[in-house]
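Report on the following structure.
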Protein chains: 2
Amino acid sequence: MRASDLPQVRALRLFSSMEEKHFDALMEVSYLQTFPPQLDLIAEGDLADFLYIVVEGSVELYARSNGRESAMGLVRPVGTFILAAVLKDAVYLMSARTAQRSKILLIPSQNIRQAFQQDAEFARAIVLELASCYRGVVKEYKDLKLRTAVERLANRLLRYHNDQGASGTLELPHDKRTLASVLGMTPENLSRAFNTLKPYGVEVDGSTITLADLKSMETLAKPNPLIDDRST
Amino acid sequence: MRASDLPQVRALRLFSSMEEKHFDALMEVSYLQTFPPQLDLIAEGDLADFLYIVVEGSVELYARSNGRESAMGLVRPVGTFILAAVLKDAVYLMSARTAQRSKILLIPSQNIRQAFQQDAEFARAIVLELASCYRGVVKEYKDLKLRTAVERLANRLLRYHNDQGASGTLELPHDKRTLASVLGMTPENLSRAFNTLKPYGVEVDGSTITLADLKSMETLAKPNPLIDDRST
DNA sequence: TTGCGGGGTTGATCTATGTCAAGGAATCCA
DNA sequence: TGGATTCCTTGACATAGATCAACCCCGCAA
C-alpha cells in the first residue's frame, strides 16, 4: 500500500481515533486497490478473509437463492461491507461486485480482530459501525415489509433528493435495473411505478429525476425517519 | 435484583467471560422482572434506556408504518434485543411486546456502554452478539426477498423441526396470526400455504405440525444454510 | 449508412397474494 | 349451559406485481 493513500484512509471514521502504531500495523498488511466495474469481489459462502472498505466508486451487494438473484444494497464511499462476517470469522452472507470502477481497501480479517482486542478506541468505532450497518438492514427490512413498491420508490427518490442537496432534481446513482432489484421489484414494474408517480410531479429523463411537487410526493410516500433516515 | 437470580444471568454467553467486579456493578443497577403476556415493553422511536435480555418466555418485535403493522422477529431465551440502539445511544427502530409471561433482564444502556469500555472481554462478547443479530436480520431479509410465501413457510417449518429434535413433528412457537406476520403474509394466506404443503406431507393439527415426507419438503423448500442456519 | 445490442418501455396476460365476508370450532366466562 | 369471544379457515373477488413478447431508442462499430 502506497504512503500517499494513507491520509485518505486514516480520515475514515473507523480509523480516526485509533492509536498510531495500531493503525500503522494494520495498514502494513492491507491493500488499497482499484477494480474495474462489474468485477466480482466476494461470493456468499466464502470465508471472510478481508474486511472491505469502499474508498471510491460503489459496490453492489447481492444474494442468490434457488435461481433468483436480488440486490441487497449499495455501498458508497466511505462504507464498509461484511464487517459482521469478519468479526465472527464466519462466511459471507452476501456477494459483492463493483458497480463502477472503485478504489477499495482490503484489510485481513485476522488483523481486524487483533486490532479490536488491542485498541479500545478502535473497538468502539467498530461497534458503532457495526450497529449502524445493523440498523441499516433493519430499515431496509421494514421498508420491504411495510410498504408497497410505489411507496418504496417514492421514498427512495425523496431520500436521494435530500442526499443530493434537495435542489428539485436528483440523479439515480445506479441504472434502473439495479434500482429495481434494490427496491425488490422487476424492471418492468419500476417503469410502471415511475408512471404512477407522474401525477405527483415526478419527471423522468434517463437517470435524471425531477420532483416538481414535493408536497404531494410526501403525502403519497409518507416518509418515516425510522425507515428512511440513514443517520440515526 | 435478587441474589438467587444472579447465576442464571451470569451463565449467559454475553456475561460469562466478564470480570467479576464489572458484572457485579452491572447487576447492581439492573432489574430482572417478570411481565405478563401481551405487555408492551418498548415502542419504536423511544430513546434506548435499557438493553433487554429475554431470560424466560418470549418477546415479539414488531414495527408500524402508515397504518400497517408487521412482526419483525421473535426473541426467545436467551436472546437480547435492541442492542444496536443501546450502543449507538439512539432510538429504537422496533417495538416489543411479550408474547407470553416472560422474565426479562433490563440493564441501563449507559452502564452497558460503560462496561463495554472497561471490560475487553465483555466488549468482545457484545460484538459477537451484535454481529449475530445483524446476520440474523440479513437472513430474514434474504428470506423475504428471494422466496415466495410458500417457500418461506416450508423452510420455517423445517427449521423449527430441526430445532425441536427432528422427531417428525413440531410445535409452532406462536399462534398462526403471529407466524403469518413474521413470514410476511396474511393469516388467510398462511392457511392456504399450509394447504399447498399438504401434498408434501405436512399435516396440521392446531399448533402441532407433522412432517410426513421430509424428502419432498426439502425438494420444495430448498433450504439454504446462508438463509436458514441460525448458528453461522 | 447500416446493422447490432443493451437498456428501457409498453401492452397483454398470468399468478401470487391481499381483502372482504362468512362460518366453524374451541375457549372463556357468567 | 349458553352466549360471547377469539382464532382459524374457506370462498369469492380484487389487486399488485411478475412474466412474456414486442418494440423503441440510442450508442456504437463495421
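Bear in mind the structure is a predicted one, so any value in this text is a computation, not a measurement. Letters go in sequence order (proteins before strands), and every chain restarts at 1.
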Open item on the list: Please encode protein proximity along nucleotides 8-15 of chain C as a string of B, S and -, counting only heavy-atom distances under 4.0 Å.
Closed with: SSBBB---
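- Close approach of DNA chain D to chain A, defined as any atom under 4.0 Å from a non-hydrogen atom of the protein, starts and stops at D:dG17 to D:dC20.
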Open item on the list: Checking A:Gln100 against A:Glu60 for the side-chain contact (heavy atoms from CB on, under 4.5 Å) test, could you report, in this order, the C-alpha distance in whole Å, the side-chain angles of both residues, the deciding distance, and whether it holds?
Closed with: CA-CA 9 Å; A:Gln100 319 159 11; A:Glu60 179 194 348; over 6 Å; no
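- Listed for the B:Ser109 side chain is a donor-acceptor partner under 3.5 Å among the backbone atoms of B:Asp49.
- Within a 6.0 Å sphere centred on CZ of B:Phe15, other residues, nucleotides and ligands contribute more than 12 heavy atoms.
- Rounded to a whole Å, the CG atom of B:Leu183 is 16 Å from the C1' atom of C:dG18.
- Within the structure, every pair that satisfies the salt bridge (charged side-chain N to carboxylate O under 4.0 Å, His left out) test and touches residues 66-86 of chain B, not counting sequence neighbours, is listed here: A:Glu151-B:Arg68, B:Arg64-B:Glu69, B:Glu69-B:Arg97.
- Classification of the B:Phe81-B:Tyr52 ring pair by plane angle, with boundaries at 30° and 60°, yields parallel.
- Residue-environment remark: CZ (A:Arg230) exceeds the threshold of 12 foreign heavy atoms within 6.0 Å.
- For the pair B:Leu153 CG and C:dT17 P, the computed distance is 11 Å after rounding to whole Å.
- A salt bridge does not link A:Glu140 with A:Arg135: none of the charged nitrogens is closer than 4.0 Å to a carboxylate oxygen.
- The backbone N or O of B:His174 lies less than 3.5 Å from no partner atom in the side chain of B:Thr178, so there is not a single donor-acceptor pair.
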